[in-house]
2 protein chains.
Amino acid sequence: MATISDVAARAGVSPATVSRVLNGKSTVDPGLAERVVAAARELDYRPNAFARNLRRQASTVLALIIADVENPFFTAIARGVEDVAQASGYSVVLCNADDDPAKERRYVDVALAERAAGVIISPAGVQTDVGALLEQSIPVVAVDRPLAAPAGDTVLVDTRLAARQATLHLVEAGYHRIACVTGPSGVRTADDRLAGYRDGLRAAKRRSSAALVRRADYRAAGAQRATRDLFDRPERPDALLVANNAMAIGALQALAELGLRPGTEVGVVSFDDAPWAPLVVPSLTVVSQPAYEMGMVAAQLLLARIADGSREPTTTTLSAQLIERDSSRRG
Amino acid sequence: MATISDVAARAGVSPATVSRVLNGKSTVDPGLAERVVAAARELDYRPNAFARNLRRQASTVLALIIADVENPFFTAIARGVEDVAQASGYSVVLCNADDDPAKERRYVDVALAERAAGVIISPAGVQTDVGALLEQSIPVVAVDRPLAAPAGDTVLVDTRLAARQATLHLVEAGYHRIACVTGPSGVRTADDRLAGYRDGLRAAKRRSSAALVRRADYRAAGAQRATRDLFDRPERPDALLVANNAMAIGALQALAELGLRPGTEVGVVSFDDAPWAPLVVPSLTVVSQPAYEMGMVAAQLLLARIADGSREPTTTTLSAQLIERDSSRRG
DNA sequence: TAGCGTCAAGAAACCGATTTCTCGACATAC
DNA sequence: GTATGTCGAGAAATCGGTTTCTTGACGCTA
């Protein structure tokens with residue numbers, strides 16, 4: 001593999017000049033520059049990123065640590081991040097923490113070892129610690145969920161308000177015993193959606209009851225069990241607010257097993273729109289979150305912070321949108 | 001950030017000794033070793049990956065270049081790769097080529113610049129060129145689709161046979177005019193599935209007709225148009241073989257718009273199982289590919305090739321499985 | 001024409017690891 | 001007691017870029 005010295009030798013100049021030409025940071029004689037460019041092309045020269053990064057003490061790789069690659073919500077965020085990063089010459093490393101604090105920690109370590117230019121993370125839980133990154137002044141942006149000790153920008157959705165609206169929507173549609181299946185305690189979105197659900201019940205002057213609330217991991221299997229459990233009790237719910245799209249699958253599966261038809265017999269609203277949501281019968285009413293936009297905003301904030309580390313931390317809250325379909329329409 | 005010299009100074013030894021202790025490649029006096037380890041811990045020393053990689057001329061990062069992050073099939077592959085890589089101390093960089101040869105090329109360049117230890121790729125098309133990687137003796141494994149010039153291991157699914165079986169399944173279920181919506185020409189899986197479809201028709205002694213075949217990109221929108229188009233003609237098909245899971249969504253949407261009920265009126269079989277496939281009504285019959293396993297096998301082959309670059313290129317063909325649900329059952 | 005400022009380009013230092021080279025200490029063999 | 005071998009650890013080279021330092025050429029002004 002050709003090195004900068006090879007190029008320099010071929011062009012009859014010093015390595016320093018080659019570096020200057022290729023980085024355009026300084027003016028060089030046009031004639032020399034042309035020779036350098038030609039030599040580089042002829043040798044198919046590609047700078048060694050290790051050497052460059054070592055000297056510059058910086059890389060052009062952004063780490064994106066998400067909770068679940070198999071969840072379309074997070075992959076949509078990833079696309080948003082990527083599109084912005086690409087445009088600025090950064091590449092994005094996607095890390096799948098799999099909702100596992102240990103895996104997440106490992107990826108934080110990788111980001112540290114590889115001296116990522118910046119990190120975008122959706123923290124798996126309360127104990128996520130990005131202190132080590134900040135010590136190395138690697139900027140961090142939290143997306144979807146805030147960090148316990150916010151020390152960078154944060155991009156959220158007003159998910160509590162959205163949950164409140166979704167709950168009120170179910171009330172208005174004529175459902176009476178509305179249950180909530182949410183994510184693990186300590187995960188902010190899960191807690192917020194539960195709080196919003198209670199807000200909604202309160203606003204509608206309904207009593208909330210612990211018997212109507214279930215928690216599970218943010219996966220289908222857990223939600224399936226939780227839903228089955230809700231309907232196993234004497235006073236069955238007649239509606240369900242489900243806190244994410246993976247859980248929606250589990251909940252719908254449980255309802256199908258129980259022979260309950262969504263919409264007519266059980267109102268269902270889930271968080272996160274998905275390509276298949278209009279296709280299930282009845283089509284699924286969802287709270288659609290602007291995932292792609294969240295990714296874009298997070299990346300923009302990160303790039304801004306890379307450029308100027310002294311910016312004040314900001315919090316951006318985007319809003320979700322209720323998409324009414326048939327699963328929350330009686331009759 | 002502490003460097004190896006800082007650790008050496010604190011432990012009262014030379015940097016070389018620190019390196020030897022921490023890498024365990026050579027024996028050192030236990031007393032010294034203990035001091036080194038203590039010093040490293042006290043300073044929270046983390047080796048600089050740039051410096052290490054520069055010297056070693058190798059990294060421990062695998063690049064995984066997939067066609068579409070939003071497609072669960074590919075994310076399942078990613079998980080398989082990741083689980084194997086993790087266990088061997090490699091980290092995985094997920095790159096989303098987005099079915100775009102230009103993006104793909106850019107990521108190949110990134111893998112090259114970052115001197116990835118190896119690359120796993122599902123080539124976007126015929127013109128994918130990994131020659132540059134091979135020149136640098138970076139091992140390459142192709143997954144899901146073969147490379148035009150195979151120069152590494154390949155992990156495939158016998159998708160042609162699976163398409164043949166799926167087509168015969170539709171014939172046996174009593175459908176007569178079976179159409180096929182497949183991916184872009186030049187993408188091997190798309191061509192193979194079409195060929196398998198024709199195999200199936202031939203085996204059933206049915207005439208195949210170009211009027212019953214449509215190509216689109218591997219996305220929902222394209223499949224939706226293609227399906228609409230198929231049903232716009234006087235002699236409508238009564239069954240549909242769809243070549244991947246994103247396209248299935250588009251096809252089902254089109255059928256819904258046309259007021260055609262899958263199963264009873266139009267038999268549907270799609271490639272790729274998805275969490276939502278059992279939930280649509282009627283539930284979707286699919287050809288399930290062992291995506292996670294494909295990822296695992298690809299990663300194992302890559303690691304083996306990293307360890308020993310002179311291995312003969314192999315091709316592993318896994319088999320798919322037809323999961324019969326209601327969308328292909330008449331009546 | 002002397003003196004000063006500007007600028008382009010080469011020389012050399014530097015980033016932080018790993019690894020080869022070298023040397024000294026000690027043990028064993030003759 | 002000397003020669004030889006072994007082994008552990010420090011010195012120094014090395015990876016391939018970037019960037020500072022230095023030098024020399026040139027132009028302008030007094």
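Numbers restart at 1 for each chain; the letters A, B, ... are given by sequence-line order, proteins then strands.
Taking CZ of B:R10 as the start and CD of B:E42 as the end, the distance is 4.0 Å to the nearest 0.5 Å. The line from CD of A:E114 to CG of A:N53 is 9.5 Å long, rounded to the nearest 0.5 Å. Separating the CD1 atom in B:I121 from the CG atom in B:D144 is a distance of 11.5 Å, to the nearest 0.5 Å.
Rounded to whole Å, the distance from CG on B:L43 to P on C:dG16 is 14 Å. Rounded to whole angstrom, the span from the CZ atom of B:R55 across to the P atom of C:dG16 amounts to 17 Å. A:Q57 places its CD atom 9 Å from the P atom of C:dA17, with the value rounded to the nearest Å. Protein atom CG of B:N48 is 16 Å distant from nucleotide atom P of D:dG16, rounded to whole Å. Spacing between atom CD of B:E114 and atom P of D:dC15 amounts to 21 Å, rounded to whole angstrom units. Between A:R46 atom CZ and D:dG17 atom P there is a gap of 13 Å when expressed in whole angstrom units. Residue A:R115 contributes atom CZ, which lies 14 Å from atom P of C:dC15 at whole-angstrom precision. Atom CG in A:L22 sits roughly 13 Å away from atom C1' in D:dG16 (whole-Å rounding).
Summary of the strand contacts: B:K25 and B:L54 both lie near DNA chain C, and taking for each the nucleotide with the nearest heavy atom, the more 5' one is attributed to B:L54.
As judged by a 4.0 angstrom heavy-atom cut-off over every strand, B:S26 is placed among residues making no nucleic acid contact. Residue-level contact check: B:N23 touches the backbone only, with heavy atoms under 4.0 Å from sugar-phosphate atoms and none from bases. Backbone-only engagement by A:V13 is indicated by non-hydrogen atom pairs under 4.0 Å involving sugar-phosphate atoms exclusively. Nucleic acid contact class of B:S19 (heavy atoms, under 4.0 Å, all strands): base.
Atom CD of A:E34 sits in a sparse spot, with 12 or fewer heavy atoms from other residues, nucleotides or ligands closer than 6.0 Å.
For B:I4, whose side chain is taken as the heavy atoms from C-beta onward, the closest listed nucleotide among C:dA17, D:dG17, D:dA12 is C:dA17. Closest to the side chain of B:R20, from the set D:dC15, C:dT20, D:dT19, is C:dT20. Distance from the side chain of A:D29 is smallest to C:dA9 among C:dA9, D:dA13, D:dG10. Of all nucleotides listed (D:dA9, C:dT18, D:dA11), D:dA11 comes nearest to the side chain of B:A16. Closest approach to the B:R56 side chain among C:dG10, C:dC14, C:dT19 is made by C:dT19 (side chain taken as heavy atoms from C-beta onward). Each of D:dT19, C:dC15, C:dA17 was ranked by its minimum atom distance to the side chain of B:A51; first place goes to C:dA17.
When A:N71, A:D99, A:T189 are each tested for a side chain to side chain donor-acceptor pair (under 3.5 Å) with A:Y218, only one passes: A:T189.
Within the structure, every side-chain polar atom (N or O) of B:S14 is placed at least 4.0 Å from both OP1 and OP2 of D:dA9. The side chain of B:T17 places no N or O atom within less than 4.0 Å of a non-bridging phosphate oxygen (OP1 or OP2) of D:dA9. Between B:Y45 and the phosphate of C:dA17, there is a side-chain N or O to OP1/OP2 separation shorter than 4.0 Å.
A salt bridge between A:D83 and B:K103 is present, with a side-chain N of the basic residue lying under 4.0 Å from a carboxylate O of the acidic one.
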